[in-house]
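A short write-up of the structure that comes next.
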There are 4 protein chains.
Amino acid sequence: MGSKERIARLKSELRKDILYAALAILKNDGRQSLSLRKIADRIEYSPPVIYSYFKNKEAILIALCELCYQQFNGCIEKNCRKLTNPEERLTAIVTTCWNFAIDEKEMYNLMWEVGSTCTDPFTQFKELGLFLNFLSETLKNLCGKKVCTEEYLLHKSQTAIAVMHGHICLNYTLSNADPKLRSRMLNETILYVMNLINDYNLTPHELNNHY
Amino acid sequence: MGSKERIARLKSELRKDILYAALAILKNDGRQSLSLRKIADRIEYSPPVIYSYFKNKEAILIALCELCYQQFNGCIEKNCRKLTNPEERLTAIVTTCWNFAIDEKEMYNLMWEVGSTCTDPFTQFKELGLFLNFLSETLKNLCGKKVCTEEYLLHKSQTAIAVMHGHICLNYTLSNADPKLRSRMLNETILYVMNLINDYNLTPHELNNHY
Amino acid sequence: MGSKERIARLKSELRKDILYAALAILKNDGRQSLSLRKIADRIEYSPPVIYSYFKNKEAILIALCELCYQQFNGCIEKNCRKLTNPEERLTAIVTTCWNFAIDEKEMYNLMWEVGSTCTDPFTQFKELGLFLNFLSETLKNLCGKKVCTEEYLLHKSQTAIAVMHGHICLNYTLSNADPKLRSRMLNETILYVMNLINDYNLTPHELNNHY
Amino acid sequence: MGSKERIARLKSELRKDILYAALAILKNDGRQSLSLRKIADRIEYSPPVIYSYFKNKEAILIALCELCYQQFNGCIEKNCRKLTNPEERLTAIVTTCWNFAIDEKEMYNLMWEVGSTCTDPFTQFKELGLFLNFLSETLKNLCGKKVCTEEYLLHKSQTAIAVMHGHICLNYTLSNADPKLRSRMLNETILYVMNLINDYNLTPHELNNHY
DNA sequence: CATGAATGAGATTTCATTCAT
DNA sequence: AATGAATGAAATCTCATTCAT
């Protein structure tokens, strides 16, 4: 494929169709049965067409993952951007993550699966980077007047993602937990994430003992 | 020993062989290339024998998962049981989990993968239940004289597992992090797990605000 | 496949059937259209069966090449072994090669094609080694009472193969040459091969100038 | 220059581009991965253009083969034309062939592969014809004052090509031969080619016995 | 009880070629 | 003149599972 052609195809409608077909299969039939053949069937084209738009299956997965991050970040923006109070915003962020993970389990799992194979998902996936920054910005506001380094905030944000992910996975495994327990788990998750920032209030001596 | 018993024992032997073959393939070649054919090759039997011991591939995965939990719990027992000081023991538990996840990534991932498909992994997998109790017991000691309900301790233990898992997954994705950052992440994980129990020291009123 | 099983299959009838099917396709349809699917069709089995007997297509080609060498060497043995006079025998060898290359062009080409990809075809393919030795033995007799080293004879034998191959390839390209020219080419080939051994009669001084 | 001419020139340019793209792919990726798609990519045109210049893939291969012969003959001209002493020139010819075959294995193989499918490569490929004549002229000079027929010289030239090709193929198969052996093989090849002309010194009676 | 034999279904991928525009 | 779009046909290979023996 010539570079001109390739660039054109990147913007193509069919490329989008392929990705959305993949997304639909992912949601309906699950990660395991996401095959090129099924994608081709769904868009009512022959399988080789796909190779005009993606190098191979891995490339599709990565692009699909990107799409998932876009949709995820879209939820976050929609639900949380408007909130100005940092506690409220952080609560909304965690809640949105939580619900996204429940409602879109296949997407959520794909995001972590593909992320694990990348060198640096936070830079590779633009929308994940945006989310990280949004989280970071929120945590900064939460600190109030205290000055935190950018690096510190990013690290805490990643930790927040980790803590949320852990609870989400736990929630997956407790498949017959009652709604009350689930709701409690969500609340706790919010709490833990909120408290991540607290140790910044520790005295230097206490901090020393921590790290 | 009657022939019946002998036969039963032999049967049980082969079952083990199958599982250990599966484990070896999992470790060496990875989850994706774990096939019945390969297992059969390794035990030098023909594929259909496997169906005498397991209903289908899924059943093998579940049993294999159990084996992984056994090995995992073995590590925990070996490294942590002897420690009597609760802080030390908890530190050892988190560290052991962390290292197991690094050294046996395939096993660790399988444990969560299969766990996600089960109704209740904590009761289905005996060794996971044992680990949960061990964690619970450790947390109890950490509380000192304060009285905590069994249920509370189990819940906190699950939360600890969640927090650890989150950090472990984050560690997986940060594939080019330097050892110093990784070491810091481990320390933080220990810290967070340790502090899980702290809110028990909150006043009832504060607790109310939490949940 | 367990090793026991694999060994059994090496002797299996079906394995032979696969190879002879491949040979038939090679002869009839040519090297380019030799596919696993066609082989499976011809033996009236499904394609995956082939993988019970051969690791992959390359393994089939190598085994097929071996079969070609066997058939080739069979011709040589049949036509030449009985001749005791060294000139007559050498003449018969060259003639047999020549005719084999004409009658079994696809086989002949495959033998060189696969041979080119091997590290050392003369040891890898037993029958090619036998042919080399037979040639070497013949050249030795041609030398008469003069003593030649084994190494020298093997080298000359390889050279003989090279000279024959060159003429055979030339013969392939001259596709509209008349039979008289072809016959003359064969005679010349015999002559050149016969003379390969002549420089052994050179004085040491002359030999020095050669190498 | 009229627009007609300009268009014709442009057309001829693109034809060249196609061939040189094919050549580059042949050299870099090998004969097997020479596809129309890849050629189109490389010239940054779409695949169908190629069909404006060539009937099908086979036609490209033939034209590519011609290009290879041009390059080959270019080497010969450059390295050998200047030498006037016939022995020196013949030595240079064989050496140049030998090195070309080593350095440009893919090209060399293609030349013989395509050559085998043509009716008469020596007339079809102009540069191969030139090479043949050059060889023939050299052999003629080697004969000295003796008179040889044109036909005889051409035949001997073809034979020389055959002998060289045989040794070159042998050199390909002996993939782990040491440089000393290879160098010896080259020397022998030179020697054999040089001696091809010698039997012209035979008496008519001896010649009769030969043919 | 054990297995050799076999397969259907399906995976990813490549390629030469066509054709409406 | 050029191409974007598309495809049919084919390639190799893997796998879980079945069943007669």
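In what follows, every chain begins at residue 1, and chains take the letters A, B, ... in the order their sequences are listed. In this text, all values refer to a predicted model and were calculated from it rather than measured experimentally.
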>> Return the pairing partner of E/dA11 with a 3.5 Å limit on both distances, Watson-Crick or G-U wobble; otherwise return none.
In response: F/dT12

>> Taking the nucleotide of DNA chain F with the nearest heavy atom to each, does A/Glu44 or D/Pro48 sit closer to the 5' end?
In response: D/Pro48

> In whole angstroms, how far is the P atom of F/dA11 from the CG atom of C/Leu61?
Replying inline: 14 Å

> Between F/dT17, E/dT12, E/dC15, which nucleotide gets closest to the side-chain atoms of A/Lys57?
Replying inline: E/dT12

> What is the distance, rounded to the nearest whole Å, between atom CD1 of C/Ile39 and atom P of E/dA6?
Replying inline: 16 Å

> Between F/dT12, E/dA5, E/dT12, which one does the side chain of C/Tyr51 approach most closely?
Replying inline: F/dT12

> Could you state the CD-C1' distance from C/Glu13 to E/dA5, rounded to the nearest angstrom?
Replying inline: 15 Å

> Given E/dT7, F/dT12, E/dT13, which nucleotide is nearest the side-chain atoms of A/Pro47?
Replying inline: E/dT13

>> Using the side-chain heavy atoms of A/Val49, tell me which of these nucleotides is nearest: F/dT3, E/dT13, F/dT7.
In response: F/dT7

> Of all heavy-atom pairs between C/Tyr51 and C/Asn56, which one has the smallest distance, and what is that distance?
Replying inline: CE2-CA, 4.1 Å

>> Please compare C/Lys38 and B/Glu58 by the position of their nearest nucleotide in DNA chain F and report the one closer to 5'.
In response: C/Lys38

> Taking only N and O in the side chain of A/Ser35, is any of them less than 4.0 Å away from OP1 or OP2 of E/dA11?
Replying inline: yes

> For C/Tyr45 and E/dG4, what is the distance between atoms OH and P respectively, to the nearest whole Å?
Replying inline: 16 Å

> When you match C/Ser46 and A/Ser33 each to their closest nucleotide on DNA chain E, which lands nearer the 5' end?
Replying inline: C/Ser46

>> Whole angstroms only, please: what is the CZ-C1' distance between A/Phe54 and E/dT13?
In response: 16 Å

> Whom does F/dT17 pair with, Watson-Crick or G-U wobble, provided both distances fall under 3.5 Å?
Replying inline: E/dA6

>> Tell me the interatomic distance from C/Arg15, atom CZ, to E/dG4, atom P, rounded to whole angstroms.
In response: 17 Å

> CG of C/Asp41 versus P of F/dA10: gap in Å, rounded?
Replying inline: 10 Å

> Do the rings of A/Tyr108 and A/Tyr172 sit parallel, tilted or perpendicular, given the 30° and 60° boundaries?
Replying inline: perpendicular

>> Please give me the minimum heavy-atom distance between C/Arg15 and C/Ala63, naming the atom from each residue.
In response: NH2-CB, 4.1 Å

> Among E/dC15, F/dA16, F/dA2, which nucleotide sits nearest the side chain of B/Leu36?
Replying inline: F/dA16

> Can you name the one residue among B/Leu110, B/Leu23, B/Leu64 that meets side-chain contact (heavy atoms from CB on, under 4.5 Å) with B/Leu34?
Replying inline: B/Leu64

> Between F/dA10, F/dC19, F/dT17, which nucleotide gets closest to the side-chain atoms of C/Arg37?
Replying inline: F/dA10

>> Can you see if the side chain of D/Tyr53 gets near the phosphate of F/dA2 - specifically, an N or O under 4.0 Å from OP1 or OP2?
In response: yes

> So which nucleotide from F/dC13, E/dA2, F/dT3 ends up closest to the side chain of C/Asn56?
Replying inline: F/dC13

> Applying the side-chain contact (heavy atoms from CB on, under 4.5 Å) test to D/Leu128, which of D/Cys68, D/Cys65, D/Pro121 qualifies?
Replying inline: D/Pro121

>> Which heavy atom of B/Glu66 sits nearest to which heavy atom of B/Gln124, and what is that distance?
In response: OE2-O, 4.3 Å

> Just how far, in rounded Å, is P of F/dA11 from CZ of C/Arg31?
Replying inline: 13 Å

> Given F/dC13, E/dA6, F/dA5, which nucleotide is nearest the side-chain atoms of C/Leu14?
Replying inline: E/dA6

